[in-house]
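What follows is a single structure, and I will ask about it in a moment.
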Amino acid sequence: MKVIEVEELTKNFHVKRKDKGMKGSIKAIFHPQTEEIRAVDRVSFGVEEGEVLAFIGPNGAGKSTTIKMLTGILYPDSGRVEVLGIDPVKKRKQLAYQIGTVFGQKEQLWTHLTPYDNFRFFGAIYDLSDEESERRIAELAEIFELADFINTPVRNLSLGQRIRCEIVASLIHKPRVLFLDEPTIGLDPVVKENIRMLIRQMNKELHTTIFLTSHDIGDIEKLCKRIVIVNSGQIVMDDSMAHLKYHYLNKKIVEVKLQEEAVLPQAAGITVLKQKGSHVRLEVDTSVMKINDALRSIDAEHVEDINISNIPLENIIMEIYRSEGKEASR
């Protein structure tokens with residue numbers, strides 16, 4: 001069963017433009033100029049009940065605009081959208097009782113109140129009885145392990161604790177769909193993994209459909225089985241996470257600082273991106289060569305420092321965008 005259905009969704013914005021300097025400012029007052037920007041361009045996709053979908057792309061790709069249309073905050077210029085069989089444009093209030101939202105960079109909790117008081121407040125907003133609110137708070141506090149700080153003012157919580165409370169607040173009314181926008185932004189690796197574990201548990205136990213946007217590859221790789229990539233307002237890939245991981249996420253960036261200049265390896269699976277003296281930057285395709293084997297192939301006995309990281313998500317998106325563009329032009 002599809003809980004989100006989107007067909008040919010389009011949204012344009014009119015942006016003011018002006019020439020530089022004082023002359024341009026004066027001209028803009030008497031002869032304002034605007035430019036039409038297409039933020040979302042005929043986007044179509046569906047999301048199944050209980051699915052965890054990653055909806056990603058570079059900044060300005062149209063992710064947030066799409067989410068705002070799915071939740072009824074913005075109206076589309078054309079196309080059709082339904083969430084749980086509800087048109088967000090016509091019945092936004094009705095839809096609000098069925099969905100939850102968490103924005104990693106925006107707070108929805110009152111910081112001078114405790115998490116418990118915030119949860120009671122949200123329960124009242126969604127017309128829950130006192131008994132039902134208490135039952136939901138107890139259930140979610142156990143799942144998200146809030147006992148140690150549920151009565152501490154939100155302003156005194158760590159970022160990781162606050163994010164956990166933000167998620168609980170969005171779940172207090174048992175939403176069937178949860179929109180997560182950068183839920184782990186700014187968190188340290190340990191807290192990130194805890195949040196991911198809780199999201200997986202929530203999806204498994206509560207069967208909540210999750211619509212996730214993130215710039216963190218770890219979020220996408222560990223939470224989602226399907227990924228939709230958008231760029232310039234259009235979908236450039238809609239595929240399984242397994243396919244994306246096999247073709248794109250098996251590449252690692254290895255930065256090594258050696259005690260002396262080394263002879264760099266010439267081997268399949270290793271690409272030298274940059275070398276400056278004893279500083280080396282390599283790209284290793286782990287489907288061809290393991291990281292350990294790549295490091296052993298460097299002609300140096302002593303490594304002073306080493307850093308292994310994923311290829312930036314923006315680079316992966318642009319690579320996919322270019323490859324899709326080439327296929328479309330054939």
#### Entry: Sole residue of Arg120, Arg136, Arg135 in salt bridge (charged side-chain N to carboxylate O under 4.0 Å, His left out) with Asp130
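Testing Asp130 for a salt bridge (charged side-chain N to carboxylate O under 4.0 Å, His left out) against Arg120, Arg136, Arg135 leaves exactly one candidate, Arg120.
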
### Query
Does the side chain of Ile4 reach to within under 4.5 Å of the side chain of Phe45, using non-hydrogen atoms?
yes

### Task
Please tell me if the side chains of Ile210 and Met202 come closer than 4.5 Å, counting only heavy atoms from C-beta onward.
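Touching, per the 4.5 Å side-chain cut-off.
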
### Message
Looking only at side-chain N and O atoms, does Tyr116 offer a donor or acceptor that is under 3.5 Å from a partner on Glu134?
### Response
yes

### Query
Salt bridge check: are Glu107 and Arg162 linked by an N-O gap of less than 4.0 Å?
yes

### Summary
One should read off an interatomic distance between Trp110 CH2 and Phe121 CZ, to the nearest 0.5 angstrom, of 6.0 Å

## Note on the structure
Heavy-atom closest pair (Gln108 atom, Thr101 atom, distance to 0.1 Å) is NE2-O, 3.5 Å

### Query
Is His112 reaching over with its side chain to a backbone N or O of Val154, donor-acceptor style, under 3.5 angstrom?
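No; zero donor-acceptor contacts below 3.5 Å.
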
### Query
Sub-3.5 Å donor-acceptor pair from the side chain of Asp238 to the main-chain atoms of Ile229, do we have one?
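Absent.
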
### Query
Pick one: which of Leu140, Ile150, Thr114 meets side chain to side chain contact (heavy atoms under 4.5 Å, CB included) with Phe119?
Ile150

### Message
Is it true that, when you exclude Glu36 itself, more than 12 heavy atoms of the residues, nucleotides or ligands shown sit nearer than 6.0 Å to its CD?
### Response
yes

### Query
Atom CD1 in Ile227, atom NZ in Lys225: separation rounded to 0.5 Å?
15.0 Å

### Task
Would you check if Phe144 and Cys165 make a side-chain contact, meaning some heavy-atom pair closer than 4.5 Å?
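Not touching, per the 4.5 Å side-chain cut-off.
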
### Message
If hydrophobic clusters are built from ILVMFWY residues whose side chains come within less than 4.5 Å, do Ile125 and Leu109 share one?
### Response
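Same cluster: Ile125 reaches Leu109 through Ile, Leu, Val, Met, Phe, Trp or Tyr contacts under 4.5 Å.
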
### Query
Quick one: do the Asp77 and Thr10 side chains pair a donor with an acceptor below 3.5 Å?
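The criterion, which ignores hydrogens and geometry beyond distance, is not satisfied for Thr10 and Asp77.
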
### Query
Once you round to the nearest 0.5 Å, how far does OG of Ser214 lie from CZ of Phe55?
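Separation between the atoms: 14.0 Å.
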
### Task
Identify the heavy atoms of Thr209 and Gly50 that sit nearest to each other, and give their distance.
OG1-N, 2.7 Å

### Query
With a 4.5 Å heavy-atom cut-off, do Val177 and Leu70 have their side chains touching?
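A side-chain contact under 4.5 Å is absent here.
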
### Query
Got a second to check how far Arg164's CZ is from Leu198's CG, nearest 0.5 Å?
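Output value for this atom pair is 6.0 Å.
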
### Query
Can you tell me how far the OG atom of Ser78 sits from the CG atom of Asn12, to the nearest 0.5 Å?
7.5 Å

### Query
How far apart are the closest heavy atoms of Gly123 and Ser133, and which atoms are they?
CA-OG, 3.7 Å

### Task
If a pair satisfies ring pair (Phe, Tyr, Trp, His ring centres under 6.0 Å) and one of its residues is in residues 271-295, list it, with sequence neighbours excluded.
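Output for this query is empty, none listed.
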
### Task
Of all the heavy-atom pairs spanning Ser44 and Ile235, show the shortest one and how long it is.
O-CD1, 3.4 Å

### Message
Tell me whether Lys93 forms a cation-pi arrangement with Tyr97, defined as NZ or CZ under 6.0 Å from the six-membered ring centre and within 45 degrees of its axis.
### Response
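No - Lys93 does not lie over the ring of Tyr97 by the 6.0 Å and 45° rule.
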
### Message
Considering only residues two or more places apart or on different chains, which pairs with a residue in residues 40-69 satisfy salt bridge (Lys or Arg N to Asp or Glu O under 4.0 Å)?
### Response
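Only Lys2-Glu48, Arg38-Asp41, Glu51-Arg226 qualify under salt bridge (Lys or Arg N to Asp or Glu O under 4.0 Å).
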
### Query
Can you check whether Pro115 reaches Leu146 side chain to side chain, under 4.5 Å on heavy atoms?
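No, side chains not in contact.
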
### Message
Please say yes or no: joined through hydrophobic side-chain contacts below 4.5 Å, possibly via intermediate residues, are Tyr126 and Ile73 part of one cluster?
### Response
no

### Message
Does this structure show an ion pair linking Glu182 with Lys192, if we count only N-O contacts that are shorter than 4.0 Å?
### Response
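Result for this pair is no, no salt bridge flagged.
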
### Query
Out of Ile270, Val284, Val280, which residue meets the side chain to side chain contact (heavy atoms under 4.5 Å, CB included) rule with Val254?
Val284

### Query
Closest approach of Gly160 and Ile195, non-hydrogen atoms and distance?
O-CD1, 4.1 Å

### Task
Identify the heavy atoms of Gly100 and Pro175 that sit nearest to each other, and give their distance.
N-CB, 3.5 Å

### Query
Any side-chain heavy-atom pair from Ile99 and Val83 closer than 4.5 angstrom?
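Contact flag for Ile99/Val83 side chains = yes.
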
### Task
Please say which of Ile67, Ile199, Val52 ends up in a side chain to side chain contact (heavy atoms under 4.5 Å, CB included) with Leu180.
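It is Ile199, the one option of Ile67, Ile199, Val52 that forms the side chain to side chain contact (heavy atoms under 4.5 Å, CB included) with Leu180.
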
### Query
Are Leu95 and Val89 co-members of a hydrophobic cluster defined by side-chain heavy atoms under 4.5 Å apart?
no

#### Entry: Separation between CG of Leu212 and CG of Asn203, rounded to the nearest 0.5 Å
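So the gap between those two atoms works out to 11.5 Å.
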
### Query
Would you find more than 12 non-hydrogen atoms of other residues, nucleotides or ligands less than 6.0 Å from Tyr75 atom OH?
no

### Task
Consider only side-chain heavy atoms of I, L, V, M, F, W and Y, link residues closer than 4.5 Å, and tell whether Ile167 and Leu159 are in one cluster.
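Result: yes, single cluster for both.
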
